[in-house]
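Beneath this line is the structure, given in structure tokens, with notes to follow.
Counting begins at 1 with the first residue of the sequence. Atoms within each ligand, like the ligands themselves, are counted from 1 in listed order.
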Amino acid sequence: MKLSKILHADSKNPSQSNQDSWQSELADGISDVDELLSLLDLPSGDSHTPKKFPLRVPKAFVAKMQKGNAQDPLLLQVLPSHQETLAVAGYGTDPLDENNHNPIKGLLHKYRSRVLLTVTGACAVHCRYCFRQHFDYGANLPSQSQMSAVMDYIKQHADVNEVLLSGGDPLNLNQRKLSLWFDAIAALPNIHTIRLHTRLPVVLPNRVDDELLALFANSPKKLVMVLHINHPNEIDEILIDKCQQLKSAGVTLLNQTVLLKGINDDADTLSALSHRLFDAGILPYYLHILDKVQGAAHFDLPIEQAVTIYWQLLETLPGYLVPKLVQELPNRPFKTPIDIYRHQNR
Ligand SMILES: *Cc1c(COP(=O)(O)O)cnc(C)c1O
Ligand code: SF4
């Protein structure tokens with residue numbers, strides 16, 4: 001899309017149908033395990049239906065799964081498993097100790113130069129390994145009136161120059177609410193960059209519509225979008241096209257991946273992912289060691305194995321396609337780089 005078209009999308013009164021289409025797709029997401037399995041031509045079998053953090057996946061993401069493949073790497077990210085119910089020592093409900101870095105509602109300030117705002121608790125997709133699956137959003141969403149308290153906090157912290165919109169998924173917010181956040185942040189002189197951490201463009205690409213592109217193209221602050229993609233199959237031509245439009249609107253595109261057993265725990269997959277990201281104009285940013293969250297132990301792998309895979313990536317990829325291997329540890333002032341010499345197993 002041409003930039004002029006993006007810039008004028010605001011004034012040309014975007015059609016109601018276009019405006020509503022992503023929201024109806026969101027509402028039309030799949031929440032029934034048997035429906036999901038039948039769409040994929042898989043037998044219903046002995047499915048797990050969790051009460052908290054239920055199945056949730058948009059049809060646009062299901063469309064990227066391989067029919068008849070019960071081990072499909074995209075399916076395994078969203079399908080509830082009985083293994084989630086096992087209590088495993090060392091896997092808790094607040095692995096990052098976030099409840100202790102919450103100076104005001106909806107604001108996490110762990111790292112000196114940037115704050116993270118949880119602007120919504122909702123996501124279009126429920127990733128089974130999610131470290132926020134036990135987070136008490138009800139207690140942490142800033143209401144409209146608390147927005148000014150959040151903004152005051154940021155103004156009073158001159159070291160802060162970047163605001164991360166996160167959640168939940170910030171692009172789950174409708175255009176009106178998202179614009180309110182953008183406008184409020186635009187008025188903060190110490191803020192240079194707005195960053196969105198989102199999976200929406202990947203699981204529901206129609207979220208990237210003309211209105212959103214116009215909001216981005218008109219932003220007075222630098223914009224960074226950190227996508228969350230774990231497997232090359234998540235990147236299709238539709239996503240590549242949306243990424244082009246985001247770049248034309250001035251957004252820098254990065255990606256974070258979580259290292260997941262049975263999904264992307266080999267160098268070939270991760271290397272293919274990096275190349276595929278590059279095809280889409282996205283640079284790999286972080287490769288995360290799984291956060292030790294209750295219910296996700298079956299996705300974890302020993303750190304020595306993670307480091308072995310990472311050595312192979314370093315030997316295979318150009319430097320700019322190698323993500324940083326990190327782990328989030330409580331009470332550290334930044335995401336902790338993994339020591340690949342200490343943990344090497346070769
Ligand atoms: C991950 C995270 C950030 C961003 O860290 P970067 O290293 O800049 O990507 C900021 N605040 C919190 C609370 C985070 O968890
Ligand atoms: S999109 Fe992100 S925040 Fe939402 S469930 Fe998945 S990992 Fe968690």
Side-chain angles (χ1 to χ4, degrees), residues 26 29 31 50 52-58 61 74 76-80 84 94-104 106-135 137 140 154 157 159-173 192-204 207 222 224-231 234 252 254-260 263 283-291 293 295-296 299 323-337:
L26 185 66
S31 55
K52 280 187 182 172
F53 203 60
L55 169 70
R56 189 160 199 203
V57 58
F61 195 63
L74 279 54
L76 293 180
Q77 293 179 51
V78 302
L79 185 69
E84 291 171 17
D94 182 22
L96 308 182
D97 196 25
E98 291 195 327
N99 294 329
N100 275 333
H101 295 274
N102 225 191
I104 44 174
L107 183 145
L108 283 172
H109 191 184
K110 280 167 83 171
Y111 306 149
R112 186 188 297 159
S113 67
R114 48 240 189 263
V115 294
L116 183 152
L117 307 186
T118 50
V119 293
T120 170
C123 285
V125 64
H126 283 172
C127 312
R128 304 321 299 175
Y129 51 83
C130 180
F131 73 99
R132 293 191 193 276
Q133 60 181 285
H134 306 284
F135 196 68
Y137 285 107
N140 265 296
I154 298 172
H157 290 77
D159 279 352
V160 175
N161 55 32
E162 179 170 6
V163 175
L164 279 71
L165 300 182
S166 182
D169 197 310
L171 290 186
N172 237 64
L173 292 181
H192 184 254
T193 305
I194 301 177
R195 189 195 319 179
L196 293 109
H197 278 208
T198 178
R199 196 147 156 73
L200 248 303
V202 183
V203 300
L204 207 164
R207 177 63 187 91
K222 288 270 181 224
V224 175
M225 182 179 280
V226 180
L227 294 158
H228 171 182
I229 302 172
N230 297 317
H231 193 279
E234 295 173 48
T252 295
L254 304 173
N255 183 62
Q256 54 181 340
T257 297
V258 183
L259 189 58
L260 297 165
I263 291 170
L283 286 177
Y285 181 38
Y286 281 140
L287 177 61
H288 293 274
I289 300 288
L290 186 86
D291 295 315
V293 65
F299 288 115
K324 299 179 178 76
L325 181 64
V326 294
Q327 185 171 28
E328 190 144 342
L329 296 172
N331 305 314
R332 295 279 180 90
F334 39 76
K335 300 203 197 296
T336 310

For [atom], grab the closest protein heavy atom and report residue, atom and distance to one decimal in Å.
atom                    : answer
atom 8 (Fe) of ligand 2 : C130 SG, 2.3 Å
atom 13 (C) of ligand 1 : K110 CD, 3.6 Å
atom 8 (O) of ligand 1  : R114 NE, 2.5 Å
atom 6 (P) of ligand 1  : Y285 OH, 3.4 Å
atom 3 (S) of ligand 2  : C123 SG, 3.5 Å
atom 10 (C) of ligand 1 : Y111 CD1, 3.4 Å
atom 14 (C) of ligand 1 : K335 NZ, 3.2 Å
atom 7 (O) of ligand 1  : Y286 OH, 2.6 Å
atom 2 (Fe) of ligand 2 : H228 ND1, 4.0 Å
atom 12 (C) of ligand 1 : L116 CD1, 3.7 Å

Compare all side-chain heavy atoms of [X] with those of [Y] and state whether any distance is below 4.5 angstrom.
X    : Y    : result
V258 : N230 : yes
Y111 : K335 : yes
Q256 : H197 : yes
T252 : M225 : no
I289 : L325 : yes

So does R128 get a backbone contact from the side chain of Q133, meaning a donor-acceptor N/O pair under 3.5 Å?
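Looks like yes, one N/O pair under 3.5 Å.
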Taking 2.8 Å as the cut-off, does C127 contribute an N, O or S atom near atom 8 (Fe) of ligand 2, distance below it?
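So C127 does not bind atom 8 (Fe) of ligand 2 by this criterion.
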For ligand 1, does [X] get within less than 4.0 Å through its side chain, its backbone, both, or neither, judged by non-hydrogen atoms?
X    : value
K324 : neither
F334 : neither
H109 : neither

Contact between H197 and ligand 1, counting heavy atoms under 4.0 Å?
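No, H197 has no heavy atom closer than 4.0 Å to ligand 1.
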Looking only at heavy atoms of E162, does any of them come nearer than 4.0 Å to an atom of ligand 1?
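E162: no contact with ligand 1 (<4.0 Å).
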Would L107 and I154 count as a side-chain contact (heavy atoms from CB on, under 4.5 Å) if you check the C-alpha gap in whole Å, the side-chain angles of each, and the deciding distance to 0.1 Å?
CA-CA 9 Å; L107 183 145; I154 298 172; 4.1 Å; yes
Quick check on side chain to side chain donor-acceptor pair (under 3.5 Å): which of R195, K222, H192 does E162 satisfy it with?
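Result: among R195, K222, H192, R195 is the only option passing the side chain to side chain donor-acceptor pair (under 3.5 Å) with E162.
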Suppose I only count heavy atoms of L164 and a 4.0 Å limit; which atoms of ligand 1 are within that range?
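Per the distance check, 3 (C), 4 (C), 10 (C).
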Enumerated ligand 2 atoms positioned under 4.0 Å from heavy atoms of R199
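By the 4.0 Å cutoff, the relevant atoms are 1 (S).
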Does one side chain, of E328 or H288, offer a donor that lies under 3.5 Å from an acceptor on the other?
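No, because no side-chain N or O of E328 sits under 3.5 Å from a partner of the opposite role on H288.
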Quick one: pull up CG in N255 and CZ in R199 and give me the separation to the nearest 0.5 Å.
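If we round to the nearest 0.5 Å, N255:CG and R199:CZ are 9.0 Å apart.
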What's the spacing between L55 CG and S31 OG if we round to 0.5 Å?
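Answer rounded to 0.5 Å: 6.5 Å.
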